[in-house]
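Some notes on the structure that comes next.
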Amino acid sequence: MAGNDWINSYLEAILDVGPGIDASKSSKSSLLLRERGRFSPTRYFVEEVITGFDETDLHRSWVKASSTRSPQERNTRMENMCWRIWNLARTKKQIEGEEAQRMAKRRLERERGRREATADMSEDLSEGEKGDVVSDISAHGDSTRGRLPRISSVDVMNTLSNVFKERKIYIVLISLHGLIRGENMELGRDSDTGGQVKYVVELARALGMMPGVYRVDLLTRQVSASDVDWSYGEPTEMLTPFGNEGYIHEMGESSGSYIVRIPFGPRDKYVPKELLWPHIPEFVDGALNHIIQMSKVLGEQIGSGEPVWPIAIHGHYADAGDSAALLSGALNVPMIFTGHSLGRDKLEQLLKQGRQSREEINSLYKIMRRIEAEELSIDASEVIITSTRQEIDEQWSLYDGFDVKLERKLRARIKRNVSCYGRFMPRMVVIPPGMEFHHIVPHDGDIDGETDGSEDTPASPDPPIWSEIMRFFSNPRKPMILALARPDPKKNITTLVKAFGECKPLRELANLTLIMGNREGIDEMSSTNASVLLSILKLIDKYDLYGQVAYPKHHKQSDVPDIYRLAAKTKGVFINPAFIEPFGLTLIEAAAHGLPMVATKNGGPVDIHRVLDNGLLVDPHNQQDIANALLKLVADKQLWARCRQNGLKNIHLFSWPEHCKTYLSRIASCKPRQPQWKRNDDGFENSESDSPGDSLRDIQDISLNLRLSMDGDKNEGSANLDKALDLDENASMKSKLENAVFSWSKGGRDSQKAVSSEKTDQSAGLNRFPALRRRKHIFVIAVDSDSISDILEVIKMVFEAAGEEKSSGSVGFILSTSMTISEISSLLISGGLNATEFDAFICNSGGELYYLSPNSEDMLSPSGLPFVVDLDYHQHIEYRWGGEGLRKTLVRWAVDKKGENEEQIVTQDEERSTKYCYAFKVENPSLIPHVKELRKQMRIQALRCHVLYCQNGSKLHVIPVLASRSQALRYMLKVIRVPLHTMGSGSVEYGSLCRRRW
């Protein structure tokens with residue numbers, strides 16, 4: 001348990017209690033003896049606690065106890081600590097037992113799902129093909145042996161460049177949290193502004209310099225808070241390219257890269273990522289407006305008047321993945337995802353620590369919302385980019401939506417051109433993060449004063465950080481072993497110091513430099529970091545390493561390259577001894593400066609070593625292994641020179657140009673998709689300015705920009721609306737409507753909505769949507785109830801509130817519901833309403849979209865209503881729709897789902913099922929499983945769909961993964977060119993579900 005050297009003193013103190021605790025001391029002691037038998041605090045502490053806990057709270061108690069002068073009081077306190085340890089260990093074992101049961105159940109579910117999926121897909125294979133013929137096929141493409149698969153062929157890259165050069169592509173990246181700007185990034189300012197911020201900014205900058213990439217937009221949140229710099233409130237920021245003009249010219253034509261900040265969430269407050277989840281729909285609407293405006297602008301510049309849509313939308317982290325999935329569905333363009341830090345992996349780590357329950361973790365980190373966003377990203381992504389194979393095998397394998405074995409089978413069937421029965425898994429691709437090396441010039445020579453001057457870089461004084469480090473050493477000319485990591489137990493710095501201290505030959509040959517962040521005083525550090533640092537200082541004293549170990553208190557980010565240079569000049573070695581390292585960017589930085597490496601064999605360094613071949617891998621738990629590797633590299637100058645040369649020779653494989661080449665080749669492999677709506681008239685154009693900045697305006701509520709929320713409890717909502725309408729009989733229609741909407745919307749976010757939006761396109765041209773185009777305001781009445789009378793009551797109330805404007809024709813209505821078009825027809829007839837009072841219907845929970853036909857002779861809807869179905873919308877949502885394979889699986893699930901008395905809980909509703917909406921009746925609502933259960937089972941079998949209960953839980957609908965009533969509304973409003981930023985207080989919500997016990 002690295003970082004807890006206080007345990008030694010604690011054991012000495014606990015010995016004062018004696019080999020056991022007298023049962024007569026207290027009732028607590030008696031209970032302890034009854035439950036544990038004859039209790040030895042020392043033995044119990046060593047065997048049960050020391051191997052599993054790093055409790056700073058216990059440390060504080062020990063400090064107080066050990067400082068007590070009275071032996072009797074001291075022993076009493078130590079006895080109390082034994083009790084705390086015992087309870088803590090018991091709680092930990094209980095949590096571990098629950099997690100073990102949960103993991104066992106999960107494994108069984110995955111195995112069953114895999115078997116069922118394999119059985120479904122084996123129906124059309126011969127006996128020979130049903131065997132394990134794909135065992136030699138990597139789950140991720142090429143063989144894992146050898147170097148990382150990279151695009152290195154000149155011919156392939158020339159072809160790729162020519163293809164993209166002709167296309168002049170547009171790429172959209174999304175990274176929502178943290179503070180993002182192109183220069184002077186405040187890395188480390190908080191937990192949200194870290195390595196991901198640097199990565200996405202440099203990726204956007206590098207992509208903008210690639211041949212054929214015309215524009216790159218990095219979308220993030222606009223922050224205009226008083227506690228952050230004003231630059232984060234700027235709507236746009238152009239990213240200056242790397243290097244010099246010659247380098248830019250070599251990369252080809254490019255219009256550059258931009259940071260585009262979309263206003264969403266609290267306007268005057270910088271909030272952590274955990275609090276951004278409720279505001280994601282607002283970001284999606286703003287981003288959708290920007291992308292559509294930008295596509296028009298690019299179409300005028302390079303698309304011969306046709307919009308230039310993004311070739312891909314790339315989400316970074318879970319929140320951006322959720323947003324990218326919705327944007328990908330709204331625009332019908334491919335999605336790419338990079339998780340950076342995965343929620344399930346973090347959840348597993350926190351649970352292993354035993355300090356918090358699952359509920360406490362979820363409350364603090366919103367971890368379940370994050371995991372669901374990552375599952376949705378798996379559902380919607382064409383490609384998922386990872387840094388290492390370890391991330392695929394050990395982190396992504398924790399998710400319901402990804403299974404290595406099933407992915408192999410699916411890929412083998414695709415290669416044979418055999419049907420996968422609607423099953424799909426995204427392509428997992430390993431692309432290590434890139435680095436910019438143009439400013440790095442490796443220097444030869446040694447520490448004896450050799451200058452580095454040249455024509456381009458004249459000799460200059462040594463950097464100040466050199467003297468700050470070398471003042472620690474009695475012999476600064478010895479090779480430097482460099483470790484650069486924060487004082488965290490996971491970084492395993494204490495084991496490194498022990499290895500150095502206990503290896504006399506290594507101490508004689510080398511110095512050790514520990515760059516452990518910045519600190520003012522140990523007391524001001526976090527308890528965990530302070531504990532690690534104190535342990536290191538004690539080890540330095542124990543092994544008498546004064547004059548051989550440097551641990552400066554301060555360094556700047558700009559000093560890091562100089563620190564690498566100093567270590568290289570002394571012919572030193574860089575070491576990363578972490579217990580597990582997700583990637584290891586510092587290893588690449590060190591190699592670029594000519595430093596050989598010694599690194600942990602757990603995680604990303606394995607892939608880096610496979611490519612660079614510039615050092616040795618070690619077991620981080622074996623300090624002798626660490627010492628031997630360091631001694632070997634320091635003592636063997638030929639090995640050192642060979643590792644240095646290999647690193648410098650192969651480091652370009654981790655450059656940004658190389659990263660972008662591989663990245664673009666993966667994008668090119670995606671099946672091209674783009675919006676399917678047709679532009680068959682001149683009236684389609686919007687009269688507003690096409691400036692990209694227009695999509696970023698913070699539009700204030702105007703006219704009747706209102707939002708009606710009605711999915712909550714219908715009785716409460718009805719009472720609220722009645723009360724609001726009766727508040728002031730003399731109030732204007734507009735005021736009454738505003739009051740009604742506001743009152744009802746307070747009933748819940750998941751209720752029905754009516755959105756009034758002032759339209760700027762007043763074209764009356766004859767086209768597919770003549771009625772909608774004439775409206776000044778549009779109300780969307782989203783009603784979901786199993787009571788026809790309730791639905792009719794809601795519709796009539798909204799009609800009544802619209803008043804005179806309804807009869808004038810300036811107000812239009814869209815009905816959004818889970819019912820079929822035939823059920824809507826019967827509903828309206830029973831209520832004495834005319835169907836032509838509505839301009840459009842969103843049916844089957846977003847599975848179908850109907851418009852009022854401009855030709856009265858068109859009777860294309862199944863109900864005989866004068867409405868036409870939007871076939872373009874079907875092409876929009878059929879992406880990854882499982883079709884018949886999904887239907888068979890759902891029917892099998894419904895048959896297997898029975899109650900205690902073998903009664904059927906769910907039955908298929910063939911009458912209400914359509915091509916893009918499979919309907920089921922809920923026979924026994926009291927036994928219905930949570931919607932997450934069915935969603936999980938479908939994901940385990942690689943079936944991508946959107947599952948929801950509707951009509952007060954009496955119906956179950958399964959629709960395409962990128963379909964919903966809110967997504968259908970987004971699609972419709974973009975087709976008729978209603979700007980979403982003019983919608984009143986809020987945005988269209990994704991996937992409204994009945995929030996009841998099911």
Side-chain angles (χ1 to χ4, degrees), residues 439-454 457-487 491 493-494 496-497 499-501 503-522 533 536-577 586-587 589-598 627 630-631 633-635 637 640-641 644:
H439 63 286
I440 299 176
V441 181
H443 296 277
D444 293 321
D446 53 40
I447 201 66
D448 293 328
E450 180 178 321
T451 61
D452 298 321
S454 67
T457 57
S460 59
D462 290 342
I465 191 64
W466 285 17
S467 59
E468 178 65 21
I469 292 173
M470 291 164 60
R471 68 183 178 87
F472 284 87
F473 300 133
S474 57
N475 184 1
R477 289 188 295 274
K478 290 195 296 186
M480 178 192 296
I481 298 170
L482 173 63
L484 199 156
R486 64 184 184 275
K491 297 302 181 180
I493 302 297
T494 52
L496 169 62
V497 178
F500 182 77
C503 183
K504 184 176 180 180
L506 185 60
R507 296 202 311 270
E508 293 175 349
L509 286 176
N511 293 322
L512 176 62
T513 297
L514 305 176
I515 306 298
M516 299 179 289
N518 292 285
R519 63 185 184 277
E520 293 297 332
I522 296 178
L533 184 56
I536 292 171
L537 295 176
K538 289 179 180 180
L539 288 171
I540 292 173
D541 185 73
K542 176 181 178 180
Y543 297 112
D544 194 16
L545 301 179
Y546 299 105
Q548 295 176 288
V549 179
Y551 42 95
K553 294 181 66 173
H554 300 285
H555 73 280
K556 300 176 183 177
Q557 187 66 27
S558 58
D559 291 332
V560 174
D562 294 326
I563 296 173
Y564 288 130
R565 284 180 52 217
L566 176 60
K569 285 179 71 67
T570 63
K571 291 183 168 52
V573 177
F574 183 81
I575 181 168
N576 182 335
T586 54
L587 296 173
E589 293 175 344
H593 288 83
L595 273 174
M597 73 173 189
V598 172
L630 290 170
L631 183 61
L633 275 173
V634 171
K637 296 304 180 183
W640 185 92
R644 168 187 165 88

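As the structure is a computational prediction, the values presented were derived from the model and not from experiment.
Here Asp562 contributes atom CG and Glu468 contributes atom CD; the two are 13.5 Å apart, rounded to the nearest 0.5 Å. Separating the CD1 atom in Ile515 from the CG atom in Asp559 is a distance of 9.0 Å, to the nearest 0.5 Å. In this structure, Lys491 NZ and Leu514 CG are separated by 14.0 Å, a value rounded to the nearest 0.5 Å. For the atom pair OG1 of Thr586 and CG of Leu595, the computed distance is 11.0 Å after rounding to the nearest 0.5 Å. Separating the CG atom in Asn511 from the CZ atom in Arg477 is a distance of 11.0 Å, to the nearest 0.5 Å.
The shortest heavy-atom contact between Thr494 and Leu539 is O-CD1, 3.7 Å. Contact record, Phe500 with Arg507: O-CG, 3.0 Å, taken as the closest heavy-atom pair. Nearest heavy-atom pair, Cys503 versus Leu631, reported as atom, atom and distance to 0.1 Å: SG-CD2, 4.4 Å. Of all the heavy atoms in Ala510 and Val634, the pair that sits closest is CB-CG1, 4.3 Å. The two atoms that bring Leu533 and Met516 nearest to each other are CD1-CE, 3.5 Å, heavy atoms only.
Side-chain atoms of Phe473 and Lys478, non-hydrogen and from C-beta on, never get closer than 4.5 Å to each other. By the 4.5 Å heavy-atom criterion applied to side chains, Ile465 and Ile469 are counted as neighbours. For the pair Leu512 and Tyr551, the minimum side-chain heavy-atom distance is 4.5 Å or more. Annotation: side chain of Ile536 is not in contact with side chain of Val549 (no heavy-atom distance under 4.5 Å). Side-chain atoms of Lys637 and Pro479, non-hydrogen and from C-beta on, do get closer than 4.5 Å to each other. Contact annotation: the side chain of Asp462 never approaches that of Leu566 to less than 4.5 Å [non-hydrogen atoms, C-beta and beyond]. Here the side chains of Pro487 and Arg519 are not in contact, with every heavy-atom distance at 4.5 Å or above. Looking at Leu545 and Phe472, their side chains never come closer than 4.5 Å, going by heavy atoms from C-beta outward.
For the pair Arg644 (side chain) and Gly594 (backbone), a donor-acceptor distance under 3.5 Å is present. Using a distance-only test at 3.5 Å, with no hydrogens or angles considered, a donor-acceptor pair links the side chain of Lys553 to the main chain of Glu520.
With Phe574 as the fixed residue, the side-chain contact (heavy atoms from CB on, under 4.5 Å) test singles out one of Leu484, Thr513, Leu633, Val598: Leu484.
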